[in-house]
Asker: 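Got a structure here, written out as C-alpha cells. Questions coming.
All values below come from the heavy atoms of this structure, side chains included, with hydrogens, waters and symmetry mates left out. Chain letters run A, B, ... following the sequence lines, proteins first, then strands; residues in each count from 1.
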There are 2 protein chains.
Amino acid sequence: MAARRWREVADDLLKRIGDGDFPRDKDGGRRKLPPESELQSHYETSRNTIREALDFLANRGHVVSEQGKGTFIVFRPEPVHVTLSATELGVGPGGGEGQWYKRDAAVQNREPTSSVPRVEIQVVSEQLAWYLQVEPATQVVSRHQQIYLDDEPWSLQTSYYPLDFALKGGASKLLEAHDIPEGAVKYLGKTLGYKEVGYHDEIRARAPDDNEKRFFALGDSAADVVFETTRTAYGVEGKAFRLTVTVWPADRNRLHYNVGEVPTRVMKAPSRRSSRRSPNGDEGT
Amino acid sequence: MAARRWREVADDLLKRIGDGDFPRDKDGGRRKLPPESELQSHYETSRNTIREALDFLANRGHVVSEQGKGTFIVFRPEPVHVTLSATELGVGPGGGEGQWYKRDAAVQNREPTSSVPRVEIQVVSEQLAWYLQVEPATQVVSRHQQIYLDDEPWSLQTSYYPLDFALKGGASKLLEAHDIPEGAVKYLGKTLGYKEVGYHDEIRARAPDDNEKRFFALGDSAADVVFETTRTAYGVEGKAFRLTVTVWPADRNRLHYNVGEVPTRVMKAPSRRSSRRSPNGDEGT
DNA sequence: TGGGATTTGTTCGTATGTATG
DNA sequence: ACATACATACGAACAAATCCC
C-alpha cells in the first residue's frame, strides 16, 4: 500500500471540479460533490482515504464540508481593486480630479456602506503608541466599523485618536457613536486645526482570527487570508493624529498604489482579469 | 465519543508550546514534540486522535511533522520591514537623501544579494500585456532573479521589458544573463531616453505555489502566505516601460508606503515589534 | 410535527510502508 | 540490520447535523 492513493483521488477530484462535473445542489445552489459513500465505491477505496483527499482539498480552499449536508465546491468571487493612494494628497495628474475615489480607499462601480461605529476608550498597545507618538499608557478613542460593499462584508476598520482630542481639544464628535458625515479628517481640521500632509501605510498578510472568520465567512484553508493595513496620518511638523487599522479578505481584494505620474486609465481601472499563471517558474530543482 | 477530544489535545499542546515546554532536538536544534506514541499514552487516547490534533496544529502553522524524525515547533523569524515607496521619485523630505534605500525596496541593516538573472523571451499574458500597453501576442524579455537577504531566501523577482527595447532600441544588455550594475531603469534612461516619472503597484496575497514553497521553505499551512507585488514603471506621456513581479513570504515581510510628508523616523525605521493583539475585536455575536 | 434516512464528524483498532539514525 | 517515528490505508462503530417524507 502506501502509494498516496488519497492524493490520486484528490487530484482526480480537482480535475473534475475544473471540468465542471458535479451539479448544483438545488436549483442555483452551490455545486456539490457526491457523498463520501459514493466516492468510496467510485474510487474503490476506504472512506478514510476519501476523507483524506477531501481534507486536502479543503485545506487548499477548493471545497468545504458541512456536517449533515455534504461537501461543496468553494466559489471565489472576482476580486475588487482598491486604490489606497487615491486621496486628496495624491500628487500627480490624477489628484483631486473627480468623484471616482473616496477618502481612504477607492473602488469602481461599487457602493460602500458602513455600520454604526462602536466607540471605545482604550489604552494603547505598544505598537499603536509608537505610531501615534504617545506615551505607552495613554488612552485613545477607538472607533470600529464594519464596511460593506454592495451589502457584502468587505472590511473591518478601527481608527484610533488620542483621547485628548475629544476631551481637551473640543473634537467631541469622536466620542459619539455616529458617523462623522464630513469625514473625521476634515472634522479634526475644523476643530483642532489639523491638516493632513502625509501618511504612512504598513501592510501585513495573515490568517484571519475568529472574529474575522465569522464576519467575512472565511475558513481555515490556506486560501483564507486577510490583509491588515495600518495607516498613520500626519499633520504639519510630523504630528500623528490618526491611526486606522483595516482588515480585508485577500481572496476578494487587490491593493493598489500610484506614485508619481501614472496614466489615468491605470489609476481609474487598475488591472484586468487575473489570468492565473505563476510569474516565477523555477522549473529546475 | 465525538466530543472533539482531538481539539482538547491540540489546545493543550498549543499551550505547552507557548509555555516553552518541549526541549530542543539536539543542542541548538529545533524544539521537538514527543513522538506520537508518547503523546498517545500521555493523553490516554488513540494514535489517530493524536494525529488529528497534530494535523490541526500543522495546518495552523505551529508545528511541522517530518517522517522518520519527529514533529517540530515552527520558528517564525522577526519580520523585515520593506518600504516600497522609497525611490528617487519619492516626494517629501526623505526623498533622495541617503543610502538607506535601494531602488525598489528599502530595508534596514540588511544586505540584499541576488542570483544571476535567468533571461527568457516570452509571449506576454493578457494581464501583463494590459499593464505594459502592448499587443496580446507581443514578445517580452523576462529577467528572473532570486533575492537573498543576509543569505536567506527573501524574494523572487521577475521583470518584463518589451523585446523591441533590446532588438530595435539598442538596450541589448537586457538580453544578457548578468546583473545590470547601474540598474535597469538608469540603463534604459541612458540607452533609450526613458525617464521614470511614476509607477503603479498592485498587491495580492495568496498561497505559495510549488516553486515558491521550495525556495522559501514554506508548507501548506494557513500561515504560509506570500505577497505578490506587481510594479509597472511609467515614463513621460504615460508610456509603460517595465513591469516587475515580486513574490515575498508574508510571515517574514511587512510592506510600507509613505505618501506626502512623513516623519523621517517613521520612514527610516517603520514599526516596532508587533505586539500581537487583534485590532478588530467583535466580541458580540 | 415527528421520525427515519442521509451525510459528515469523531474515535478507536490494526497493519504495513517509508524515511531516519 | 535494527529500532524509531511518521505516513498511508483499511475496517468499524457511533455522534451530530441535516434532510425529507
Asker: Looking only at heavy atoms, which two atoms of G70(A) and K32(A) are closest? And how far apart?
Answerer: CA-CE, 3.9 Å
Asker: side-chain contact (heavy atoms from CB on, under 4.5 Å) between H62(B) and V74(B): does it pass, once the steps are laid out?
Answerer: CA-CA 5 Å; H62(B) 295 116; V74(B) 171; over 6 Å; no
Asker: Quick check: do R206(B) and V247(B) have side-chain heavy atoms less than 4.5 Å from each other?
Answerer: yes
Asker: Verify the ring-centre separation between F22(A) and F72(A): is it less than 6.0 angstrom?
Answerer: no
Asker: Using distance alone, with no hydrogens and no angle criterion, decide if W154(B) and N253(B) have a side-chain donor and acceptor under 3.5 Å apart.
Answerer: yes
Asker: Between the side chains of E66(A) and R30(A), is the shortest nitrogen-to-carboxylate-oxygen separation below 4.0 Å, so that they form an ion pair?
Answerer: yes
Asker: Between L33(A) (CG) and dT8(C) (P), how many Å, whole number?
Answerer: 9 Å
Asker: Heavy atom of residues 64-73 of chain A under 4.0 Å from DNA chain C: which residues?
Answerer: S65(A), E66(A), Q67(A), G68(A), G70(A), T71(A)
Asker: Could you run through DNA chain D and flag its stems, i.e. three or more consecutive Watson-Crick or G-U pairs with both distances under 3.5 Å?
Answerer: C:2-21 with D:2-21
Asker: Does D21(B) pair with R31(B) as a salt bridge, N-O distance under 4.0 Å?
Answerer: no
Asker: At under 4.0 Å, does any side-chain N or O of R4(A) touch on OP1 or OP2 of dT8(D)?
Answerer: yes
Asker: Can you see whether R214(B) engages N211(B) through a side-chain donor-acceptor pair at a distance of less than 3.5 angstrom?
Answerer: yes
Asker: Would you please say whether a donor-acceptor pair under 3.5 Å links the side chains of E202(B) and Y131(B)?
Answerer: yes
Asker: Using heavy atoms and a sub-4.0 Å distance, could you list which residues of residues 44-60 of chain A are near DNA chain C? By number, please.
Answerer: R47(A), R51(A)
Asker: Report yes or no: do T158(A) and H144(A) form a side-chain donor-acceptor pair below 3.5 Å?
Answerer: yes
